[in-house]
Each structure stands twice: as structure tokens, then as C-alpha cells.
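Here is the structure we will look at, set down as C-alpha cells.
All values below come from the heavy atoms of this structure, side chains included, with hydrogens, waters and symmetry mates left out. Note that this is a predicted model, so its numbers are computed, not measured.
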Amino acid sequence: STQSTWVLVELDLSNNMLTGTVDLPSLPLTLQILKLDANYFSGRLNLTHLSPALTYVSLSQNAHEGTVNLKHLPAGLTHLTLHSNNLSGTIDLTHLPTALHRLTLNANALHGAVDLRHLPINLTTLLLASNAFSGPLDLTHLPPNMARVSLGGNRWACPIQAGPAVAT
């Protein structure tokens, strides 16, 4: 008997009324693109053991909650979209994958200081608006191809350091 095999590369279940939690580490190792936007998924997001093949993850407009660990994302991840959830806590942006082009975390309940001095060189879009970030705001070390930074609607009340970094 001949056994048929197939490889799941993209999964798009966006704009449905799906509920429950998403067990991201148990997704197929072949999955490259995951789109689960605009559903009713809830619970914590475990981003620490994702498939190394993932390049695009979009889980926006759900009810995911809790803290989010961005330190162990797949090396080839280019897009991570988690906006419009109930994510909370602080975030560490100093260990993002070099391949990352777009990071969207706006419209959550994230708070605390954000270190923007060690972002990936390929990052072009950083959306952190409508959270509760505060602390120092240093924009002098943004990646060279950064095209869009959205930081409005937070709690920054400090002097801003902006402009290109100057080597001394």
C-alpha cells in the first residue's frame, strides 16, 4: 500500500469565531505561516518552543493574556503580530531574531521600560502604541532601515533621546 504524505506550511484560521487556547509548541514542525487573527482565542501564549520553520506569526485581535517571552523566537521569524490582545507585563526586545522585520504589540496592557537600543538590524516596523510603557526613551540606536515606529498612547513622561547615534 502507498501512503500519502503532505506537509502543512501555512495555516490561516483568521476571522472566525474560534475559542479556546492555542498550544503553539505542538504545531507541526513544517509550519511556516500561522494566522489566527480576529477570533476568540484566550490564555497565555507560549512563544518559547515554536517550530524553527516559522517565519510569520499573527495572533492579533484575540483575548490572549499574561506575559509574553520574546527571547526564544525562531531565528527565521520575520513577522510577529500580537496586537489587540490582553497581554501584560514587561517585554524584553534585546533578544529578537535578526531576521525580524515587523513587530506589532500595540493595543495590549504591556508596561515598564522598553530598551530600543538593541533591536534587530532588519527591523523596519515597530508598533508599541496603546500600552502603558514608561521610563527612558532612547531612539538613537534604531536599526538603519526602520521605516515606522509607533509609540503613542503610552505613559512616557521623560526627556527623549532621538536622532542617529554618534560614534565617539
Side-chain angles (χ1 to χ4, degrees), residues 4-112 114-116 118-133 142-143 145-154:
S4 174
T5 61
W6 55 276
V7 177
L8 184 63
V9 174
E10 180 174 352
L11 178 61
D12 186 347
L13 296 171
S14 298
N15 298 301
N16 285 290
M17 293 187 286
L18 300 172
T19 61
T21 59
V22 180
D23 185 7
L24 295 171
S26 68
L27 292 171
L29 294 176
T30 56
L31 194 64
Q32 296 174 18
I33 299 169
L34 177 64
K35 299 176 183 178
L36 301 177
D37 305 299
N39 281 290
Y40 297 99
F41 290 119
S42 60
R44 294 184 171 274
L45 289 175
N46 181 357
L47 301 176
T48 59
H49 296 96
L50 299 177
S51 163
L54 276 170
T55 60
Y56 188 105
V57 175
S58 191
L59 305 167
S60 64
Q61 296 175 298
N62 281 288
H64 297 293
E65 59 197 21
T67 59
V68 62
N69 183 343
L70 303 177
K71 291 182 182 180
H72 304 286
L73 298 171
L77 190 69
T78 61
H79 289 76
L80 180 60
T81 303
L82 302 175
H83 74 80
S84 304
N85 279 288
N86 298 317
L87 301 175
S88 59
T90 60
I91 57 166
D92 183 350
L93 302 180
T94 63
H95 296 90
L96 297 171
T98 304
L100 196 66
H101 289 262
R102 180 182 183 91
L103 179 61
T104 306
L105 295 170
N106 50 303
N108 280 292
L110 299 166
H111 61 83
V114 177
D115 186 350
L116 301 177
H118 304 285
L119 296 171
I121 190 99
N122 293 310
L123 195 67
T124 60
T125 304
L126 178 65
L127 307 180
L128 301 178
S130 301
N131 279 287
F133 293 121
L142 294 177
N145 294 319
M146 183 67 78
R148 183 169 180 215
V149 176
S150 179
L151 303 173
N154 282 288

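What you find for Leu105 and Ile91 is that their closest heavy atoms are CD1-CD1, 3.6 Å. For the residue pair Asn39 and Leu13, the shortest heavy atom distance occurs at ND2-O, 2.9 Å. Closest of all the heavy-atom pairs between Ser150 and Leu127 is CB-CD2, 3.6 Å. Here the closest non-hydrogen pair linking Ser51 and Pro74 is O-CG, 3.3 Å. Summarising the geometry of Ser58 relative to Asp37, their closest heavy-atom pair is OG-OD1, 2.6 Å, with the distance given to 0.1 Å. Minimum interatomic distance between Pro143 and Pro120 (heavy atoms only, all atoms of both residues): CG-O, 3.1 Å.
Side-chain contact between Leu31 and Val9 is absent, with no heavy atoms from C-beta onward closer than 4.5 Å. Residues Leu50 and Leu24 meet the side-chain proximity criterion, which asks for heavy atoms closer than 4.5 Å. For the pair Leu47/Leu70, a side-chain contact is recorded, criterion being any heavy-atom separation below 4.5 Å from C-beta on. Side-chain atoms of Thr104 and Leu80, non-hydrogen and from C-beta on, never get closer than 4.5 Å to each other. For the pair Leu116/Leu126, a side-chain contact is recorded, criterion being any heavy-atom separation below 4.5 Å from C-beta on. For the pair Leu96/Leu103, a side-chain contact is recorded, criterion being any heavy-atom separation below 4.5 Å from C-beta on. Put simply, the side chain of Leu34 reaches to within 4.5 Å of the side chain of Leu54, judged on heavy atoms. Counting only heavy atoms from C-beta outward, the side chains of His118 and His95 never approach each other to under 4.5 Å.
Using modelled atom types, no side-chain atom of Asn108 and backbone atom of Ala129 make a donor-acceptor pair closer than 3.5 Å. At distances below 3.5 Å, at least one donor-acceptor pair connects side-chain atoms of Thr55 with backbone N or O atoms of Gln32. Panel note: side chain Thr78, backbone His101; no donor-acceptor pair is recorded below 3.5 Å. Looking only at distances, no side-chain donor or acceptor of Asn131 sits under 3.5 Å from a matching main-chain atom of Phe133. A side-chain donor-acceptor contact under 3.5 Å links Asn122 to the backbone of Thr98. Asn16 contributes no side-chain N or O that, together with a main-chain N or O of Leu18, makes up a donor-acceptor pair within less than 3.5 Å. Panel note: side chain Asn15, backbone Ala38; no donor-acceptor pair is recorded below 3.5 Å.
Checked against ring pair (Phe, Tyr, Trp, His ring centres under 6.0 Å), Tyr56 has the following partners two or more places apart in sequence or in another chain: His79. Under the rule for a salt bridge (charged side-chain N to carboxylate O under 4.0 Å, His left out), the partners of Asp115 that lie at least two apart in sequence or sit in another chain are Arg117.
To the nearest 0.5 Å, atom CE of residue Met146 and atom CD1 of residue Ile121 are 10.5 Å apart. Interatomic distance, Arg44 CZ to Asn69 CG, rounded to the nearest 0.5 Å: 11.5 Å. Separation of atoms CG (Leu27) and CG (Leu11) is listed at 7.0 Å; rounding is to 0.5 Å. We find the OG1-CG distance between Thr21 and Asn46 to be 11.0 Å, quoted to the nearest 0.5 Å. Residue Arg102 holds its CZ atom at 5.0 Å from OG1 of Thr125, rounded to the nearest 0.5 Å. The NE2 atom of His64 sits 7.0 Å away from atom CG of Leu36, with the distance rounded to the nearest 0.5 Å.
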key: Test side-chain contact (heavy atoms from CB on, under 4.5 Å) applied to Leu93 and Leu119, step by step   = CA-CA 7 Å; Leu93 302 180; Leu119 296 171; 3.9 Å; yes
message = Set out, in order, the CA-CA distance, both residues' side-chain angles and the distance that settles side-chain contact (heavy atoms from CB on, under 4.5 Å) for Thr81 and Leu59, then state yes or no.
response = CA-CA 6 Å; Thr81 303; Leu59 305 167; over 6 Å; no
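The ring pair (Phe, Tyr, Trp, His ring centres under 6.0 Å) pairs that include a residue from residues 26-55 number zero, where partners must be two or more places apart or lie in different chains.
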